[in-house]
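Order of the sequence lines sets the chain letters (A, B, ...), proteins ahead of strands, with each chain counted from 1. As the structure is a prediction and not an experimental result, all values here were calculated from the model.
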Number of protein chains: 2
Amino acid sequence: MDDPTPNPLAKHPAFLTVQLGWHITTQFIAALAPLGIHPRHMGMLSFLLGRDGASQQQLCDALGIHRNVMVGMVDELEKAGFVERRRHPADRRAHAVHLLAAGREMQRKAEETLSRMEDGIFGSLTAAERAAYLATLQQLAADAGLSPGIHPALRDSLPGS
Amino acid sequence: MDDPTPNPLAKHPAFLTVQLGWHITTQFIAALAPLGIHPRHMGMLSFLLGRDGASQQQLCDALGIHRNVMVGMVDELEKAGFVERRRHPADRRAHAVHLLAAGREMQRKAEETLSRMEDGIFGSLTAAERAAYLATLQQLAADAGLSPGIHPALRDSLPGS
DNA sequence: TATTGTTATACTCTATAACTATA
DNA sequence: TATAGTTATAGAGTATAACAATA
């Protein structure tokens with residue numbers, strides 16, 4: 001049943017992290033699709049929860065997205081009624097991006113979807129194992145200097161078949 | 001020092017896995033660049049270690065890469081002297097892709113690079129924590145049905161700045 | 001002069017489809 | 001007729017550069 005010479009990558013925690021992360025991403029994209037949004041939209045909404053009224057440039061800096069791409073993302077979220085561009089109180093060049101009620105509701109649904117998916121993925125772990133896994137991840141993320149809740153490339157799409 | 005309303009994603013193990021996986025990927029691409037190869041090349045070489053002489057189609061099936069993309073990858077590896085296309089003994093339509101000595105050597109160096117990088121990333125964990133992390137990842141990968149040592153999208157590149 | 005948002009252009013990557021030689 | 005490898009074409013995605021308004 002076993003491969004005579006097993007692939008050496010399978011024993012590397014770095015590889016396994018990437019492999020599992022990729023699997024989670026594709027699965028989450030699919031889980032979010034019925035809601036009509038992409039993980040990158042959820043990332044924006046989740047961030048705005050704590051920084052409502054941020055300028056597009058501030059969103060760019062925080063989320064690691066180019067400002068020309070940000071234009072399109074805000075367009076999409078605005079068209080869906082999740083956010084609104086308002087006048088920035090301190091800088092007339094900037095737009096203040098504000099969460100609307102529908103946006104908060106969508107963020108809540110998306111996070112619920114995420115939690116449901118996690119129950120499936122981590123279901124075979126004991127509570128203690130799952131807690132240890134989470135603690136380790138948080139420590140590693142802190143070691144690596146990763147910003148909490150942010151990463152630039154929650155983007156497209158499915159692996160080539 | 002803390003964000004008044006912290007980003008809720010930071011507490012989700014699924015998100016943290018993806019975030020850390022992305023960080024590892026970008027760091028590994030950079031670590032491999034001086035060797036002149038990309039993680040996807042290492043994936044090919046590591047796989048061929050156990051399946052030398054596989055046809056391109058078999059490589060496609062195993063690694064989840066389209067066959068038109070595989071053509072270019074084999075071209076690159078062949079040009080670099082890491083693999084060689086030979087006649088397939090059983091099917092004259094197919095090419096048998098064989099590892100050359102330089103390819104084995106490059107695989108070895110790449111895996112050494114990976115191990116060095118892992119020492120940096122996981123350096124703050126105790127041996128027990130690191131072992132537990134690895135065991136959990138292996139269990140989760142098995143639960144998800146992921147093929148050992150394989151994933152389709154070890155691809156480009158850096159997050160937009 | 002630098003910065004914010006925006007638009008236009010070019011480039012890269014990926015996906016689809018066609019072609020050949022075998023099976 | 002179907003499959004392995006290859007090539008060509010088209011589409012999506014990303015990055016670079018320019019622009020108008022404001023700092």
Side-chain angles (χ1 to χ4, degrees), chain A residues 22 25-26 29 33 37-41 43-44 47-48 51 53-79 83-98 151-161, chain B residues 22 25-26 29-30 33 37-41 43-44 47-48 51-79 83-98 151-161:
Chain A
W22 178 256
T25 298
T26 57
I29 289 172
I37 66 168
H38 187 276
R40 86 178 85 101
H41 298 129
M44 279 271 295
F47 179 79
L48 283 172
R51 296 285 180 107
S55 74
Q56 294 185 194
Q57 185 56 48
Q58 289 173 323
L59 289 167
C60 287
D61 294 341
L63 298 169
I65 297 172
H66 246 97
R67 62 192 195 282
N68 46 0
V69 180
M70 180 58 69
V71 173
M73 284 187 56
V74 177
D75 284 350
E76 290 163 3
L77 293 173
E78 196 168 35
K79 195 164 137 198
V83 306
E84 195 176 58
R85 277 184 248 237
R86 298 186 196 151
R87 284 247 276 282
H88 193 101
D91 188 338
R92 300 208 312 182
R93 294 171 302 180
H95 293 157
V97 181
H98 285 269
H151 93 119
L154 267 181
R155 54 186 182 186
D156 38 47
S157 56
L158 306 150
S161 76
Chain B
W22 178 257
T25 297
T26 57
I29 289 172
I37 65 168
H38 188 275
R40 85 177 85 100
H41 299 129
M44 278 271 295
F47 179 79
L48 283 172
R51 298 284 180 105
D52 194 51
S55 73
Q56 294 185 194
Q57 185 56 48
Q58 288 172 324
L59 290 167
C60 289
D61 294 341
L63 298 169
I65 296 172
H66 247 96
R67 63 191 195 283
N68 47 1
V69 179
M70 181 58 68
V71 173
M73 284 187 56
V74 177
D75 284 350
E76 290 164 3
L77 292 173
E78 197 168 35
K79 195 165 137 196
V83 306
E84 196 176 56
R85 277 184 249 237
R86 297 186 196 150
R87 285 247 274 283
H88 192 100
D91 188 336
R92 300 208 310 181
R93 295 170 303 181
H95 293 157
V97 181
H98 284 269
H151 92 119
L154 267 181
R155 54 186 181 187
D156 39 46
S157 56
L158 305 151
S161 75

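If you take CD of B:Gln56 and P of D:dT7, they are 10 Å apart, rounded to a whole angstrom. Following rounding to the nearest Å, A:Glu78 (CD) and C:dG5 (P) show an atom-to-atom distance of 13 Å. Distance A:Met73 CE to D:dT14 P: 11 Å, rounded to the nearest Å. Distance CD1 (B:Ile29) to C1' (C:dC13): 14 Å, rounded to an integer number of Å. Summarising the geometry, the separation between CD1 on A:Ile65 and C1' on C:dG5 is reported as 15 Å, rounded to the nearest angstrom. One interatomic measurement links the two molecules: CG of A:Leu59 to C1' of C:dT4, which rounds to 13 Å at whole-angstrom precision. Look at NE2 on B:His66: it is 16 Å from P on D:dA12, rounded to the nearest Å. In this structure, CD of B:Glu76 is placed 13 Å from C1' of C:dT12, rounded to the nearest angstrom.
Across all their heavy atoms, A:Ala96 and A:Gly53 have their closest contact at CB-O, 3.5 Å. Smallest separation of non-hydrogen atoms from A:Val83 and A:Val74: CG2-O, 4.2 Å. Across every non-hydrogen atom of A:Arg40 and A:Met73, the tightest pair is O-CE, 3.6 Å.
Residue A:Asn68 places no side-chain atom within donor-acceptor reach of the base of D:dT14, judged by atom type and a 3.5 Å distance cut-off alone.
The one candidate from A:Arg67, A:His88, A:Arg85 that meets the side chain to side chain donor-acceptor pair (under 3.5 Å) condition with A:Gln56 is A:Arg85. Exactly one of A:Met44, A:His95, A:Arg51 qualifies for a side chain to side chain contact (heavy atoms under 4.5 Å, CB included) with A:Leu59. That residue is A:Met44.
In this structure, A:Gln58 does not reach the C:dT4 phosphate: none of its side-chain N or O atoms is under 4.0 Å from OP1 or OP2.
Between the side chain of B:His66 and the backbone N or O of B:Asn68 there is no donor-acceptor pair closer than 3.5 Å.
Checked against salt bridge (Lys or Arg N to Asp or Glu O under 4.0 Å), B:Asp91 has the following partners two or more places apart in sequence or in another chain: B:Arg93.
Listed by residue number, the members of residues 88-96 of chain A with any heavy atom below 4.0 angstrom from DNA chain D are A:Asp91, A:Arg92, A:Arg93.
Comparing A:Met70 and B:Arg67 by the nucleotide of DNA chain C that holds the closest heavy atom to each, the one mapping nearer the 5' end is A:Met70.
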